[in-house]
2 protein chains.
Amino acid sequence: MPKRATIQDVARAAGVSVTTVSRYLNGRYESMSENTREKIAAVIAELGYRPNALAKGLKAQRTETVGAIVVNMSYPFCVGFLRAFSRTLSAAGYHLMVAESEGDAKRERQLIESFVANRVEAIALQTSGANNDYLEDLAREMPVVLVDRAFALRNAYAIGTNNRDASREIAWQLFDLGYDCVVYLTEDERGIPTRTDRLEGYLDACRVALREPVVMRVRRGDPASFREALARVDACARKERTAVYTANGLVLMECYRPLRALGHKVPDAMGIATFDQPDWADLVDPPLTCVRQPVEEMGEAAGRIITARLRGEAVAAEVLVVPSTVVMRGSTGRG
Amino acid sequence: MPKRATIQDVARAAGVSVTTVSRYLNGRYESMSENTREKIAAVIAELGYRPNALAKGLKAQRTETVGAIVVNMSYPFCVGFLRAFSRTLSAAGYHLMVAESEGDAKRERQLIESFVANRVEAIALQTSGANNDYLEDLAREMPVVLVDRAFALRNAYAIGTNNRDASREIAWQLFDLGYDCVVYLTEDERGIPTRTDRLEGYLDACRVALREPVVMRVRRGDPASFREALARVDACARKERTAVYTANGLVLMECYRPLRALGHKVPDAMGIATFDQPDWADLVDPPLTCVRQPVEEMGEAAGRIITARLRGEAVAAEVLVVPSTVVMRGSTGRG
DNA sequence: CTGTTAGCGCTTTCAC
DNA sequence: GTGAAAGCGCTAACAG
């Protein structure tokens, strides 16, 4: 591995001082003869010189890099968010460092610290909530944006959706469509506000509709937990018109097939609905009724807030709620 | 924004020299009294000190960061690859910087250069092929891994799958299953070896089966191009048993619905198959026959090669082919 | 066991 | 127009 040319090498080869080269690099051509400029340009091209961003960052105290921590880069929410976030930042000249917390609070903490050590200029994360104190401190030093799990922290920004309202809305519509029993499938919601809110929304709807809530907790990757939930759905569907409503797209993906295999006619005997709009929502037949989360908008908003702040603009800390929309489709007999 | 404590601050507050603090930071406790150690630990905790990775990297000429450039982070291939890659690197203590080229060669070049400027220690990318000369040079200075589009460059690694063989295999099976006409839908393959290979595989199969190839080129995002292709499929299907075979999952996703809307019975009158295994492959009815690309294995392999190289191990440049497998399912009447 | 010091590659006064 | 030199925060000889 040959070592890379430095500004020194360029200066030497061009017969000028590093100062002049530095000026050239930063586009301050006014203070430089046409001649030197061309000379430097030539040398740079010849040596394939690339300025060392580390040295520059060390001096300037700026890395032009921001960090993002998500639970799992392959989750649809994360994919959509990261992409929009990345595009926005990229357009503003920032680099993106990404990492996965796997939902583990300790790991999340380590990742944040190592991002800080790398002097990212801002952080966006889908936090577990366990590091909120630390994040609150951190938010005094750099822009911190909480995404999805929108905890309200001093000095930090939060971007989420109206989980409870949207969940209530879709659950209510299910009752309204004549499903007598709506079974709600969720992962353990402890400590995760999005899950709590969606559950609450469902419970709200049950209250208003004067129905008994049926909440089944499942664990993704644990078929037994799903079997139990499906058994419950089946039992209901044998007695009355039943709808299954899942707390997110991944849960539905994991049980969609067995759900259909129960044999109840969709949407008449059994309705299906989910929070999230999976990319396969209208490929299945009938297409899925779902809650569309504005994932891209969230990513863009996060990017906008961060770039604005890094540009030096004052942006008041706030909890931004980007509303979700209920999309009624054939899986619940309308749309 | 208060400015962060430096090693100097810690040294001063602990009443020792920066050297000692540096030693502490690097875990060389043997050369240090219990006392100093505790003192330093205390000061660090109190000041919330985090070493500056830039300064460290500048000195050590190591950033513990690697870069990845994909066409689009939301493409299933990229998602799967990035995730596996990220996990492998993360386990080895490396950070990941990601960027999207959007398939644009100029942008790709800029991204590579800016990664180089940031002194990433290695790069993995899904290249357009237009920067191969530059990449070949670069590969002399740092590990470069070409993913998906597996061009064979001197000193660089390439990881791909057996696109042609797998494509031939699935196309052949379609003929074998009794589909008289197999329509191949692809995006313009110019310069993109994966696409060329898959097309060649299809053509191979046609040759062997003594059938006339029917290749339709579509442009994602351009409904008109799809309408044309669908019309062709429809025309065939009215005459004989026809199968549609798409060059990747995104193409199929974009035409699956209208395809089904043609009304030909699947799989009897019309078979459906695709390269790639979309996550919805077995949610639709009948489940999809497809070619499963070992995306995760590719990501892991890329990560393994890079970590080995960065550990100083010699790894010969090579083109690694991780084989895909044909998965026969109901959409072609078997499985 | 601990400290002094010379850089790593770059930017930025301040001088000429 | 141009350059000398200090210093960003850290590591690693070398010296005690």
Side-chain angles (χ1 to χ4, degrees), chain A residues 1-41 43-44 47-65 114 116-121 141, chain B residues 1-41 43-44 47-65 114 116-121 141:
Chain A
M1 310 252 182
K3 71 143 77 80
R4 308 209 125 254
T6 73
I7 199 172
Q8 302 276 3
D9 302 330
V10 176
R12 198 156 26 233
V16 296
S17 75
V18 293
T19 314
T20 305
V21 179
S22 173
R23 288 200 181 102
Y24 172 88
L25 293 174
N26 293 286
R28 287 200 289 284
Y29 304 131
E30 354 42 282
S31 47
M32 197 176 318
S33 73
E34 182 92 354
N35 228 318
T36 2
R37 182 162 90 212
E38 283 164 5
K39 183 67 187 157
I40 295 177
V43 171
I44 287 182
L47 267 49
Y49 167 76
R50 288 281 111 200
N52 184 330
L54 288 169
K56 183 167 169 176
L58 179 58
K59 180 67 187 170
Q61 301 285 29
R62 301 200 45 207
T63 55
E64 306 192 319
T65 297
S114 94
V116 169
N118 278 276
R119 298 299 188 266
V120 297
E121 297 185 39
E141 306 179 13
Chain B
M1 309 252 183
K3 75 142 79 75
R4 307 208 127 256
T6 75
I7 198 173
Q8 302 276 4
D9 301 331
V10 176
R12 198 157 27 232
V16 297
S17 75
V18 293
T19 314
T20 305
V21 179
S22 174
R23 288 200 182 103
Y24 171 88
L25 293 174
N26 294 288
R28 288 200 289 282
Y29 305 132
E30 17 7 305
S31 47
M32 198 178 315
S33 72
E34 182 90 356
N35 229 318
T36 4
R37 184 162 90 213
E38 284 165 5
K39 182 65 187 157
I40 294 177
V43 171
I44 287 182
L47 267 50
Y49 167 76
R50 288 282 109 200
N52 184 331
L54 288 168
K56 181 167 171 176
L58 179 58
K59 178 67 185 171
Q61 300 285 32
R62 301 199 47 208
T63 55
E64 306 192 319
T65 297
S114 95
V116 168
N118 278 277
R119 297 300 188 267
V120 298
E121 297 185 40
E141 307 179 12

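Just so it is clear: chains get the letters A, B, ... in the order the sequence lines come, proteins before strands, and each one is counted from 1.
Proximity of A/Thr19 to the phosphate of D/dG3: no side-chain N or O atom is located under 4.0 Å from OP1 or OP2. A sub-4.0 Å separation between OP1 or OP2 of C/dT2 and a side-chain N or O of B/Tyr29 is absent. Taking side-chain N and O atoms only, A/Ser22 has no distance below 4.0 Å to OP1 or OP2 of C/dC10. At the phosphate of D/dT11, OP1 or OP2 sits under 4.0 Å from a side-chain N or O atom of B/Asn26. Between A/Thr20 and D/dT2 there is no side-chain N or O to OP1 or OP2 distance below 4.0 Å. In this structure, A/Tyr24 does not reach the C/dC10 phosphate: none of its side-chain N or O atoms is under 4.0 Å from OP1 or OP2. Under 4.0 angstrom from either OP1 or OP2 of D/dG9 there lies no side-chain N or O belonging to B/Thr6. An OP1 or OP2 oxygen of D/dG1 is reached within less than 4.0 angstrom by no side-chain nitrogen or oxygen of A/Thr36.
Per the geometry, CD belonging to A/Gln8 stands 8 Å off P belonging to C/dG9, to the nearest Å. When rounded to the nearest whole Å, the span between CG of A/Leu25 and P of D/dT2 equals 15 Å. In this structure, the NZ atom of A/Lys39 is 18 Å from the C1' atom of D/dG3, given to the nearest Å. Across the protein-nucleic acid pair, B/Glu38 atom CD and C/dC1 atom C1' stand 15 Å apart, rounded to whole Å. As a whole-Å value, the separation of B/Arg37 CZ from C/dT2 C1' is 16 Å. What separates CE of B/Met32 from P of D/dT11 is a distance of 12 Å, to the nearest Å. At whole-Å resolution of the value, CD1 in B/Ile7 and C1' in C/dT5 are 14 Å apart. Atom CZ in B/Arg28 sits about 6 Å away from atom P in D/dA12, given to the nearest Å.
Residue A/Val21 is out of contact with every strand shown, counting any heavy-atom pair closer than 4.0 Å.
For A/Val16, the listed nucleotide lying nearest its side chain is D/dG3; candidates were C/dC1, D/dG3, D/dT2. In this structure, of C/dG3, D/dT11, D/dC8, it is D/dC8 that holds the atom nearest to the side chain of A/Lys59.
Nearest heavy-atom pair across A/Lys39 and A/Ala14 is CG-O, 3.7 Å. A pairwise comparison of heavy atoms in A/Ile40 and A/Val10 identifies CG2-CG1, 4.3 Å as the closest pair. For the residue pair B/Val21 and B/Ala11, the shortest heavy atom distance occurs at CG2-CA, 3.7 Å. Taking each heavy atom of A/Leu58 and B/Asn52 in turn, the nearest pair found is CD1-ND2, 4.0 Å. Between B/Arg4 and B/Asp9, the shortest heavy-atom distance links the atoms O-OD2, 4.3 Å.
One N or O donor and one acceptor, one from the side chain of A/Arg23 and one from the base of D/dG3, sit under 3.5 Å apart. No donor-acceptor contact under 3.5 Å links the side chain of B/Arg4 to the base of D/dG9.
Nearer the 5' end of DNA chain C, as judged by each residue's closest nucleotide, is the contact made by B/Val18, out of B/Val18 and B/Gln61.
At distances below 3.5 Å, not a single donor-acceptor pair connects side-chain atoms of A/Glu121 with backbone N or O atoms of A/Arg62.
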